[in-house]
Amino acid sequence: ERSSLAGVQHILLVLSGKGGVGKSTISTQLALALWHCGKRVGILDVDLCGPSIPRMLRVQDRAVHQCDSGWVPVFVGQDKDISLMSIGFLLERPDDAVVWRGPKKNALIKQFVTDVAWGDLDFLIVDTPPGTSDEHISTVEALRPHRLLGAILVTTPQ
C-alpha cells in the first residue's frame, strides 16, 4: 500500500514552547521562500485550536474534497503553487472553536498524515500548536516512518 507521504522528500516541523511567537508566520514565509526557489511545497496545519494558515494564504473560504487516495489538499495560487491542509477547511465557519479532547485531536492528526493525497513534494512544513501537548507527540509518532528532516524552534528574545 502506497503511503500518502511517499512522494514527500523532506518533512520539517515548526514548533515553540508557547503561543504567539510566530510559528504560523514562519511556516508560511518558509513555504513561500522555498516555493520561490522552485521547490514543491505543502503545509500541514496541525494547530487544531488556532488554524491560521488558511487565512494567511487567503484561502480560508475553500473546501477540502475527497479522491480515491484520500483528501485532496487545498491549492494556493492559480498554478497550484502550495498544497495546504488544515482543520480550518473542515469547520462550518472560520471562527468556530474546536473543543475536543486529546483522542479526537490525535485521531485527526493521524488522519491528516495518512489520508491527505499530497502527491510529489520537495518539502512538507508542519505548523504545530503552541506548547508541548499530546498533539506534538501524535504528530511525531505519525511522521516517524517518514523522512523527517528536522524542526525549527521559534522563540522570543526574553
Side-chain angles (χ1 to χ4, degrees), residues 3-16 19-100 104-131 133 135-136 138-140 142-143 146-152 154:
S3 164
S4 64
L5 293 174
V8 177
Q9 297 305 308
H10 305 288
I11 300 170
L12 188 60
L13 297 174
V14 179
L15 309 149
S16 77
V21 298
K23 285 179 307 303
S24 297
T25 301
I26 295 290
S27 297
T28 301
Q29 292 299 317
L30 180 59
L32 290 169
L34 289 166
W35 171 74
H36 279 291
C37 289
K39 304 298 183 187
R40 297 165 298 174
V41 183
I43 304 175
L44 174 56
D45 184 4
V46 295
D47 188 350
L48 304 181
C49 294
S52 57
I53 302 280
R55 187 175 299 127
M56 288 182 163
L57 292 172
R58 296 186 179 156
V59 291
Q60 69 269 19
D61 57 342
R62 306 267 178 86
V64 172
H65 302 286
Q66 290 282 128
C67 69
D68 291 341
S69 54
W71 287 341
V72 178
V74 168
F75 296 104
V76 178
Q78 291 179 339
D79 298 326
K80 299 183 176 184
D81 302 324
I82 296 174
S83 306
L84 172 60
M85 179 53 73
S86 172
I87 194 173
F89 301 126
L90 305 176
L91 302 173
E92 277 189 41
R93 292 179 302 276
D95 292 331
D96 281 352
V98 177
V99 184
W100 290 353
K104 193 166 181 180
K105 288 180 181 181
N106 297 340
L108 182 62
I109 289 169
K110 185 176 180 184
Q111 193 171 11
F112 276 170
V113 170
T114 59
D115 293 348
V116 176
W118 291 106
D120 293 329
L121 296 176
D122 295 309
F123 290 92
L124 177 64
I125 298 165
V126 183
D127 184 43
T128 65
S133 64
E135 287 112 307
H136 297 89
S138 296
T139 302
V140 171
L143 293 171
H146 306 285
R147 288 172 290 282
L148 186 60
L149 176 63
I152 295 175
V154 182

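Remember, it's a predicted structure, so these values are computed and weren't measured experimentally.
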What distance do [X] atom [atom1] and [Y] atom [atom2] have between them, rounded to the nearest 0.5 Å?
X	Y	atom1	atom2	answer
I125	K23	CD1	NZ	14.5 Å
T128	L15	OG1	CG	4.0 Å
W118	L84	CH2	CG	6.5 Å
I82	W35	CD1	CH2	7.0 Å
I43	L12	CD1	CG	11.0 Å

S52 to D45 - nearest heavy-atom pair and separation: N-OD2, 3.6 Å
Tell me the closest heavy-atom pair linking E135 and P129, and the distance in Å. CB-CG, 3.8 Å
Given side chains that start at C-beta, do those of [X] and [Y] come closer than 4.5 Å, heavy atoms only?
X	Y	answer
L13	T139	yes
M56	T25	yes
I53	S86	no
V21	I26	no
V74	L57	no
I109	L48	yes
L5	L121	no

Name all residues meeting the ring-ring contact (aromatic ring centres under 6.0 Å, His included) criterion together with H10; count only those two or more places apart in sequence or in a different chain, and write none if there are none. F123
What residues form a ring-ring contact (aromatic ring centres under 6.0 Å, His included) with W71, not counting sequence neighbours?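 ring-ring contact (aromatic ring centres under 6.0 Å, His included) list for W71, sorted by chain: F112.
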Polar side-chain atom of S4 near backbone of A117 as donor-acceptor pair, under 3.5 Å: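 Checked: no pair found.
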Closer than 3.5 angstrom, by distance alone: can the side chain of S83 be matched with the main-chain N or O of F75 as a donor-acceptor pair? no
Under the salt bridge (Lys or Arg N to Asp or Glu O under 4.0 Å) rule, what pairs show up with a residue in residues 32-42, not counting sequence neighbours?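 Salt bridge (Lys or Arg N to Asp or Glu O under 4.0 Å) check on residues 32-42 returns R40-D122.
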Enumerate the residue pairs fulfilling salt bridge (Lys or Arg N to Asp or Glu O under 4.0 Å) with a member in residues 109-119, sequence neighbours excluded, ordered by first and then second residue.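 Applying salt bridge (Lys or Arg N to Asp or Glu O under 4.0 Å) to every pair that reaches into residues 109-119, excluding sequence neighbours, yields nothing.
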Paired with S138, the side chain to side chain contact (heavy atoms under 4.5 Å, CB included) test is passed by just one of V46, V113, L108, N106, namely N106
L143 and V126: CA distance, side-chain angles, deciding distance, side-chain contact (heavy atoms from CB on, under 4.5 Å) verdict: CA-CA 10 Å; L143 293 171; V126 183; 4.2 Å; yes
Of all residues at least two apart in sequence or in a different chain, which pass the side chain to side chain donor-acceptor pair (under 3.5 Å) check with T28?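 Partners of T28 by the side chain to side chain donor-acceptor pair (under 3.5 Å) criterion come out as none, since no residue qualifies.
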Could I get the full list of salt bridge (charged side-chain N to carboxylate O under 4.0 Å, His left out) partners for R62, not counting sequence neighbours?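 Expected list: none.
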